[in-house]
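Every chain is numbered from 1, with letters handed out A, B, ... down the list of sequences.
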Amino acid sequence: MSKTPLNAISPTRQEDFPEWYQQVVRASEMAENSEVRGCMVIKPWGYGLWERMQSVLDQMFKATGHRNAYFPLFIPLSHLQKEAEHVEGFAKECAVVTHHRLEMQDGKLVPAGELQEPLIVRPTSETIIGSHYAKWVKSYRDLPILLNQWANVVRWELRPRLFLRTAEFLWQEGHTAHETEEQAVEETEKMLRVYETFAHDYLALPVICGEKTASERFPGAVRTYCIEAMVQDRKAIQAGTSHFLGQNFAKASHIEFQTRQGTLEYAWTTSWGVSTRLIGTLLMVHGDDDGAILPPRIAASQVVIIPFIPKEEFRSSILKKAEEIASLLQATHYAGEPIRVEIDTRDINGSTKSWDWIKRGIPLRLEIGPRDLEAGCVALGRRDHPPKEKELVAIDRLPVRLPEILIEIQQNLLNRAKEFSLSHTYMIESKEEFYAFFTPNNSTKPEIHGGFALTHWNGSPEVEAKIKEDLKVTIRCIPFEDNPRPGICPFTGESSPQRVLFGKAY
RNA sequence: CGGGGCGUAGCUCAGCUUGGUAGAGCGCUUGGUUUGGGACCAAGAUGUCGCAGGUUCGAAUCCUGUCGCCCCGACCA
């Protein structure tokens, strides 16, 4: 007992944030590394989270007029070549399929049957979807096309990290084609707002919406919008993107239509996506030194009932009561849905079970033992409070009390994240201040430092590049502002149209 | 692709300098005692010490080669 560490996760966030993150992914049983470098196995608890994200987002996409379709995993090499910037952006990280058959030679399987044209495994699907849109679009009457696909994509990353950057990942990609530029821009903005709402309302994730600078733009896009979040080591993470592609891909794929005036014009297209990176973001924003903390609205299960069975004679009565409580909760609603509940019937020490669920980040634990049975109550532990803090709740009060607490947790996580993000965001006015802000005290093993800097910038790519070279700090976005206030760029002394958001990025 | 490091039980690692037939903790199995905060006792299972070659009576240990992985850099919606 004396060996029990203070926290479930070691090292702590303060001690070594990257290592803490890896331990949380493992301890929360979200995912593990596979034998293929850069690829991951998403375990049921992590995949359940993704299924929730899919389900909520899918409804939001449908509500905004989109439908799902599916396009192939393999893309002819020639397709990628059609859009010059796109090639430059993705060629280096493409997996290439060159053969279609294996033959046994000297007891070993070797690739045979070389393909006439190599296929790439999709790193994103603009080109192959574009080539089909070209067939479907003949007239302005065929527009808009509003499609989404749920898929896996492959980007051969050199330095993978579970959920944040893996060679293969899961995502959704929306692809739309429109008659006018205005409509396409409107779509791009609308879907960014969908992501913002989803992040805020479901993931309890405060995000900053804005536009990427040219250097951070999606290859081939005219404009890239993003939502940026701050995680607990004060770095920025891009949680979602929405691209206005102009007519670039329409030209490359020949998506042409006859206008109302009878002329021929290229369609205006957009694309937008979020990925399993959201899971990593969630862990890094809300997690603590005991593991994951999941917001109730997105958790695969919101409540776990943990039977404590000190003596065999209590087993059947406690398990029976656990079933009753589960049924009671399934008939109770939170956020417009039945509460998602499960019972941990594993035949192990109750407190071990409790710790397992703490590490997984389930919002609520209901512990039931003989004493509770007698008193008609449960011991309730909530994940946003310390592990040992318990509230005794009468079983017949649960249908009232649990929805209240779930609302509180959801709100509490959002508030905490907002406070954290705000307390590490500064208006920085001078170059000296800026450099000091982003320079760690210990250069060999940098401590958690910095944050977001809202600073004026004259719009020069050279200034941006110099800052990146000096500090590894980039412009995360040019925040959307109703009334942008001009000022002076501290790096050049020149005038600046508005403040932009600087930070170190994942 | 450059620089550094590491491959020993399911996991984390010790042993290697000074060669003598394989270890710890955790986990796992079985039995018992426990049980309101990550239990304890006892017994047990698990390794071609990354792979190949060499030196040697004898190699986890020394030498050569090779493969894989990790970290730093470069690169990256």
Side-chain angles (χ1 to χ4, degrees), chain A residues 1-10 16 18-19 22-23 26-27 32-38 85-86 88-94 123-124 126 153 155-161 164-167 169 171 173 212-213 215-221 223-228 237-243 245 271-275 277 290-291 306-315 318 347-359 365-375 377-381 386-390 392 443-446 468-469 472 474 476-477 505-506:
Chain A
M1 201 182 280
S2 58
K3 273 199 302 188
T4 304
L6 289 169
N7 301 108
I9 304 297
S10 170
D16 187 342
E19 181 61 24
Q22 298 206 51
Q23 296 300 329
R26 189 152 69 151
E32 63 191 37
N33 278 310
S34 84
E35 48 268 65
V36 181
R37 179 185 154 79
E85 284 185 35
H86 200 59
E88 205 174 319
F90 285 110
K92 281 172 295 205
E93 46 193 75
C94 280
T124 179
E126 274 74 8
V153 286
R155 295 179 189 177
W156 213 259
E157 298 291 351
L158 296 172
R159 201 179 302 171
R161 297 189 70 185
L164 302 179
R165 183 171 288 118
T166 47
F169 58 92
W171 77 348
E173 47 181 323
K212 289 290 188 190
T213 62
S215 70
E216 299 275 328
R217 202 178 281 153
F218 177 74
R223 294 212 285 278
T224 287
Y225 299 140
C226 63
I227 53 173
E228 292 281 328
I237 187 160
Q238 179 175 300
T241 48
S242 185
H243 314 292
L245 304 174
S271 67
W272 28 273
V274 296
S275 71
R277 180 182 246 202
D290 289 322
I306 303 172
F308 273 66
I309 304 170
K311 291 202 169 58
E312 271 311 300
E313 59 190 278
F314 295 115
R315 181 175 298 274
I318 288 179
D347 187 17
I348 54 173
N349 191 299
S351 52
T352 305
K353 283 194 254 191
S354 227
W355 277 104
D356 274 359
W357 287 102
I358 289 170
K359 285 183 277 194
R365 308 181 303 281
L366 300 185
E367 301 175 352
I368 176 157
R371 295 210 301 258
D372 307 306
L373 203 60
E374 182 121 353
C377 62
V378 293
L380 178 153
K388 298 197 174 169
E389 191 181 306
K390 298 290 163 59
L392 282 177
S443 58
T444 50
K445 195 176 183 300
K468 184 175 181 182
E469 189 190 327
K472 296 193 179 112
T474 48
R476 301 321 307 148
C477 69
Y506 268 97

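At a threshold of 4.0 angstrom between heavy atoms, the contacts of A/Ile309 include nucleobase atoms, whether or not backbone atoms are also involved. Base contact: A/Phe169 has a heavy atom under 4.0 Å from a base atom. A/Glu93 comes within 4.0 angstrom of sugar-phosphate atoms only, judged by non-hydrogen atoms across all strands, and of no base. Base engagement by A/Arg371 is indicated by at least one non-hydrogen atom pair under 4.0 Å involving a base atom. Nucleic acid contact for A/Ala379: base, since at least one base atom lies under 4.0 Å from a heavy atom of the residue. A/Thr241 comes within 4.0 angstrom of nothing in the nucleic acid, heavy atoms only. As judged by a 4.0 angstrom heavy-atom cut-off over every strand, A/Trp357 is placed among residues making no nucleic acid contact. Using a 4.0 Å heavy-atom distance criterion, A/Lys359 is classed as a base contact. Among the atoms of the strands shown, none is found under 4.0 Å from any heavy atom of A/Pro387. Base contact: A/Lys390 has a heavy atom under 4.0 Å from a base atom.
To the nearest angstrom, P of B/rU12 lies 11 Å from CD of A/Glu19. Distance, A/Gln238 CD to B/rC76 C1': 11 Å, rounded to whole Å.
Checking the phosphate oxygens (OP1, OP2) of B/rG73, a side-chain nitrogen or oxygen of A/Lys472 falls inside 4.0 Å. For the pair A/Ser351 and B/rU35, the criterion of a side-chain N or O lying under 4.0 Å from OP1 or OP2 is not met. Not one side-chain nitrogen or oxygen of A/Ser354 sits closer than 4.0 Å to the OP1 or OP2 atom of B/rG36.
Side-chain atoms of A/Asp356 stay outside donor-acceptor range of the base of B/rG38, with no qualifying N/O pair under 3.5 Å.
Under the side chain to side chain donor-acceptor pair (under 3.5 Å) test applied with A/Ser271, the options A/Glu126, A/Glu173, A/His243 reduce to a single match, A/Glu126.
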